[in-house]
Protein chains: 2
Amino acid sequence: MQNEKNTDQNFNCPMVKFVNLIAGKWAIPILYRLIITNEPIRFGELKRAISPITQKELTKQLRLFEQKGLISRKLYPEVPPKVEYQITELGKTLKPALNSIANWMKQHEQELR
Amino acid sequence: MQNEKNTDQNFNCPMVKFVNLIAGKWAIPILYRLIITNEPIRFGELKRAISPITQKELTKQLRLFEQKGLISRKLYPEVPPKVEYQITELGKTLKPALNSIANWMKQHEQELR
DNA sequence: CAGTATCCTTTAGGATACTG
DNA sequence: CAGTATCCTAAAGGATACTG
């Protein structure tokens with residue numbers, strides 16, 4: 001089947017995969033906050049830091065990143081509950097790539113029409 | 001107004017801006033094809049190369065990139081019409097950043113759960 | 001050939017109410 | 001506090017027909 005060729009081509013493209021990983025509206029803000037914090041941060045504090053994200057979207061994106069192994073989630077079985085999120089070592093390896101795209105944008109922002 | 005603070009924070013974040021630039025479903029495939037081709041390529045040939053994109057989506061994304069100055073469009077006023085697209089010098093400067101994210105994905109793909 | 005125009009479906013994401 | 005559940009709107013993108 002012809003279409004499979006290019007559909008696969010797109011799915012197999014590492015750039016496309018990377019974009020899919022960080023293309024959510026709140027993905028970068030969340031990752032960025034966890035990276036620069038670099039220590040456990042509670043759900044509520046994280047939410048306030050990247051406001052005006054909704055609880056639903058924050059939870060969803062955190063679950064995705066946790067699944068990927070980019071962040072960790074620690075539940076303290078207290079009442080009221082306490083949950084801390086933290087960037088993982090794998091997550092930290094994103095830094096150079098993220099810096100690279102940030103630097104491109106800083107350098108070429110004025111040239112972009 | 002409180003919300004402006006973080007809305008602005010997101011809009012001002014160069015990483016977020018970069019993602020917005022290349023987050024369209026066909027953005028990377030189009031850019032990638034024009035970059036590796038590195039010479040003028042006709043609309044139809046481009047469409048076939050990144051099939052199964054639709055004409056509408058291809059046109060829309062090409063217009064966006066042209067507007068940004070990342071690609072150029074040259075119309076030959078013939079019948080039938082001939083239009084050639086090509087990556088610009090500005091567009092070529094994306095290469096290191098795109099390589100950076102591609103390399104991250106290649107190196108960490110197996111660790112990603 | 002290189003588009004537009006139109007219609008349609010799917011998905012992302014926001015608002016709000018509720019809960020262990 | 002840290003979520004779920006539900007409803008809703010807007011935007012992205014696909015299919016198809018038409019045109020200079």
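Order of the sequence lines fixes the chain letters, A, B, ..., with proteins taken first and strands second; residue numbering starts at 1 for each chain.
Side-chain contact between A/Ile22 and B/Ile101 is absent, with no heavy atoms from C-beta onward closer than 4.5 Å. Residues B/Leu70 and B/Leu34 are not in side-chain contact: their nearest non-hydrogen atoms beyond the backbone lie 4.5 Å or more apart. Contact of the A/Phe18 side chain with the A/Leu94 side chain is registered, since non-hydrogen atoms from C-beta on lie closer than 4.5 Å. For the pair B/Ile28 and B/Leu98, the minimum side-chain heavy-atom distance is below 4.5 Å. A heavy-atom distance below 4.5 Å is found between the side chains of A/Asn38 and A/Ile87. Between A/Lys17 and B/Leu112 there is no side-chain heavy-atom pair separated by less than 4.5 Å.
Rounded to an integer number of Å, the gap from A/Phe43 CZ to C/dG20 P is 18 Å. Atom-to-atom, CG of B/Asn20 to P of D/dA11 comes out at 14 Å; the value is rounded to the nearest Å. Spacing between atom CD1 of B/Ile53 and atom P of C/dA2 amounts to 14 Å, rounded to whole angstrom units. Look at CD on A/Gln61: it is 12 Å from P on C/dG14, rounded to the nearest Å. Between B/Trp26 atom CH2 and D/dG13 atom P the separation is 10 Å, expressed in whole Å. At whole-Å resolution of the value, CG in A/Leu58 and P in D/dG3 are 8 Å apart.
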Atom pairs, N/O to N/O, protein against nucleotides 4-12 of chain C, distance under 3.5 Å?
from	atom 1	to	atom 2	distance (Å)
C/dT4	OP1	B/Arg63	NH2	3.1

Please enumerate all protein N or O atoms sitting under 3.5 Å from an N or O of nucleotides 8-10 of chain D, with distances to 0.1 Å.
none

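Looking at residues two or more places apart in sequence or on another chain, you find a side-chain hydrogen bond (donor to acceptor under 3.5 Å, both in side chains) between B/Lys60 and B/Glu57. Under the side-chain contact (heavy atoms from CB on, under 4.5 Å) criterion, B/Leu64 pairs with B/Gln61, B/Gln67, sequence neighbours left out.
Within residues 65-88 of chain A, the residues having any heavy atom closer than 4.0 Å to DNA chain C are, in order of number, A/Pro81.
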Report task. Starting from the C-alpha separation in whole Å, work towards a yes-or-no answer on side-chain contact (heavy atoms from CB on, under 4.5 Å) for A/Arg63 and A/Arg73. Result -> CA-CA 9 Å; A/Arg63 292 283 186 279; A/Arg73 175 182 188 270; 3.6 Å; yes
**Report entry** Verdict with reasoning, A/Thr93 to B/Trp104, per side-chain contact (heavy atoms from CB on, under 4.5 Å)
**Finding:** CA-CA 8 Å; A/Thr93 65; B/Trp104 185 90; 3.0 Å; yes
Requested in this report: Given salt bridge (Lys or Arg N to Asp or Glu O under 4.0 Å), test B/Glu89 with B/Lys92 step by step and report yes or no.
Outcome: CA-CA 5 Å; B/Glu89 290 307 313; B/Lys92 290 178 190 173; 3.2 Å; yes
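Below 30°, between 30° and 60°, or above 60°: for B/Tyr85 and B/Phe43 the angle between ring planes is between 30° and 60°, a tilted geometry.
In this model, the phosphate group of C/dA2 is approached by a side-chain N or O of B/Arg42 to a distance below 4.0 Å at OP1 or OP2.
Across every non-hydrogen atom of B/Gly69 and A/Arg113, the tightest pair is CA-NH2, 3.4 Å.
Across its full length, the helix from C/dC1-D/dG20 to C/dG20-D/dC1 shows an angle of 50° between the axes of its 5 terminal pairs at either end, rounded to 10 degrees.
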